[in-house]
Visitor: 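Shown below is the structure under consideration.
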Amino acid sequence: MEELLKVKANVESALFEIAEAACSAGRKPEDVTIMAVTKTHPVEYITKAVECGIRHIGENRISEGGRKIRQLGNEYAVFHAIGVLHRKEVRQAVRDFHCLDAIHKIEIIEEIARRKADPRILLEVNTSGESAKMGFQPDVDLLESVLGRALELKLSVRGFLTVGPLGNDPTEQRRAFANLREIRDSLETRLNVVLPELSMGMSDDFSLAVLEGSTMVRLGRRLFGSRNFLPY
Ligand SMILES: *Cc1c(COP(=O)(O)O)cnc(C)c1O
């Protein structure tokens, strides 16, 4: 696995870019964490990322991620489920993952609570309005009621996740990220809670996300090169 030789250098250059963006926004570089997204890759990619100092690992499928997590033991890293989570997968998800970062339906919230599980959760918001994207609409009243319900059920809601708009119009990308930060700010005030986590930014747009307040960037290709789309 020759591509793994570059991971260390890729982590360092990503950290450098994060620091530049953070500083130019008047933020501290250490307030931004890298999540390594290892979907489609074998378990060695996770161990390599951890060797390079990464503690947060993202997988978008519950079954594939769960298999790797059980292989390594779930104390090995902080494991995040970042893909669509179906109701029937909740049982396995709360057993294997520490964080469920892409909650997009109230019924999933109800199911987590019903199982008396307490993962850290993020609500996914569709800031771009693209129909192919998952997530709640970026509507403060709607999100207030969803969040209110999750808090009533005593779930540990830590903040929000979004996937930036397709294409590479930096103005539009920044607007989407800024929109989610503003929504978070107003919900903190309305509900008198802290929602510290904004999971925003992927390989192609993470610097812009950091400029707009991202606390966690989700990097796949930037660290590991292109993904294999073979059956896995
Ligand atoms: C695959 C994936 C990523 C990582 O994407 P890259 O473009 O490879 O950095 C981040 N977030 C989510 C939700 C993903 O599914």
Side-chain angles (χ1 to χ4, degrees), residues 3-4 6-7 9-18 21 32-43 45-46 48-49 52 54-66 68-69 77-86 89 93 97-105 108 119-136 138 158-170 172-173 176-177 180 197-210 212-230 232:
E3 59 274 38
L4 288 183
K6 300 205 185 110
V7 175
N10 293 344
V11 168
E12 275 162 15
S13 79
L15 282 171
F16 183 81
E17 260 183 65
I18 288 167
V32 184
T33 302
I34 294 180
M35 171 197 296
V37 177
T38 50
K39 65 187 184 199
T40 79
H41 294 303
V43 77
Y45 281 63
I46 300 178
K48 184 68 191 181
C52 295
I54 305 275
R55 288 187 50 241
H56 293 263
I57 302 294
E59 285 279 338
N60 75 330
R61 295 195 183 182
I62 300 306
S63 53
E64 176 197 349
K68 295 178 200 170
I69 295 167
V78 182
F79 290 103
H80 299 251
I82 59 172
V84 195
L85 177 59
H86 300 289
E89 296 174 313
F97 289 84
H98 305 102
C99 306
L100 307 182
D101 290 359
I103 302 296
H104 68 291
K105 277 192 177 148
I108 304 294
R120 280 169 272 170
I121 71 179
L122 302 182
L123 304 182
E124 179 167 7
V125 178
N126 183 354
T127 51
S128 67
E130 290 160 22
S131 59
K133 292 218 165 85
M134 308 300 296
F136 294 103
R158 302 275 303 154
F160 301 96
L161 173 146
T162 196
V163 176
L166 285 173
N168 49 7
D169 175 348
E172 223 177 284
Q173 289 166 325
F177 297 136
L180 189 55
E197 200 84 85
L198 286 176
S199 178
M200 313 194 293
M202 304 170 31
S203 292
D204 295 326
D205 57 13
F206 70 94
S207 292
L208 297 170
V210 171
E212 294 298 348
S214 172
T215 58
M216 185 159 288
V217 297
R218 309 181 304 272
L219 304 183
R221 289 167 301 126
R222 175 63 190 247
L223 304 184
F224 305 116
S226 59
R227 280 183 283 279
N228 58 68
F229 290 100
L230 300 168
Y232 52 89

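Only this structure's heavy atoms are used, side chains among them; waters, hydrogens and symmetry mates stay out. Start at 1 and go down the list; that is how both ligands and their atoms are numbered. Along the sequence shown, residues carry numbers from 1.
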Visitor: Among Lys39, His80, Lys68, which residue meets the side-chain hydrogen bond (donor to acceptor under 3.5 Å, both in side chains) test with Glu59?
Guide: Lys68

Visitor: Could you check atom 11 (N) of ligand 1 against the protein and tell me its nearest heavy-atom contact, residue, atom and distance included?
Guide: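 Going atom by atom, the protein heavy atom closest to atom 11 (N) of ligand 1 ends up being Arg218 NE, 2.8 Å.
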
Visitor: Heavy-atom distance to atom 8 (O) of ligand 1: which of Met202, Arg227, Arg222 wins?
Guide: Arg227

Visitor: Looking only at protein heavy atoms, which one is nearest to atom 14 (C) of ligand 1, and what is the separation?
Guide: Lys39 NZ, 3.0 Å

Visitor: Relative to the heavy atoms of Gly220, which atoms of ligand 1 are at a distance of less than 4.0 Å?
Guide: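 Counting from 1, the qualifying ligand atoms are 4 (C), 6 (P), 8 (O), 9 (O).
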
Visitor: Is the backbone N or O of Asp205 less than 3.5 Å from a side-chain atom of Gln173, with the two atoms forming a donor-acceptor pair by type?
Guide: no

Visitor: Ligand 1 versus Leu219, non-hydrogen atoms closer than 4.0 Å: side chain, backbone, both, neither?
Guide: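 It is the backbone that touches ligand 1; the side chain stays farther off.
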
Visitor: Answer yes or no: is there a donor N or O on one side and an acceptor on the other, between the side chain of Asn10 and the main chain of Leu223, under 3.5 Å?
Guide: yes

Visitor: Is there a nitrogen or oxygen of Arg221 sitting under 3.5 Å from a nitrogen or oxygen of ligand 1?
Guide: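 Indeed, backbone or side chain, Arg221 has an N or O that close.
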
Visitor: Closest non-hydrogen protein atom to atom 12 (C) of ligand 1, residue and atom name please, with distance?
Guide: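 Residue, atom and distance for the closest contact: Ile82 CD1, 3.5 Å.
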
Visitor: What protein heavy atom lies closest to atom 6 (P) of ligand 1? Include the residue and the distance to one decimal.
Guide: Ser203 OG, 3.4 Å

Visitor: Side chain of Thr215, backbone of Glu197: donor and acceptor closer than 3.5 Å?
Guide: no

Visitor: Out of curiosity, Leu198 CG to Leu161 CG, how far, rounded to the nearest 0.5 Å?
Guide: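 Answer rounded to 0.5 Å: 9.5 Å.
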
Visitor: Please determine whether the number of non-hydrogen atoms from other residues, nucleotides or ligands lying under 6.0 Å from atom NZ of Lys133 exceeds 12.
Guide: yes

Visitor: Taking the side chain from Ser214 and the backbone from Met200, do they hold a donor-acceptor pair closer than 3.5 Å?
Guide: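 Yes, Ser214 side chain to Met200 backbone: donor-acceptor pair under 3.5 Å.
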
Visitor: Please confirm whether Val37 comes within less than 3.5 Å of ligand 1 when only nitrogen or oxygen atoms on both sides are compared.
Guide: no

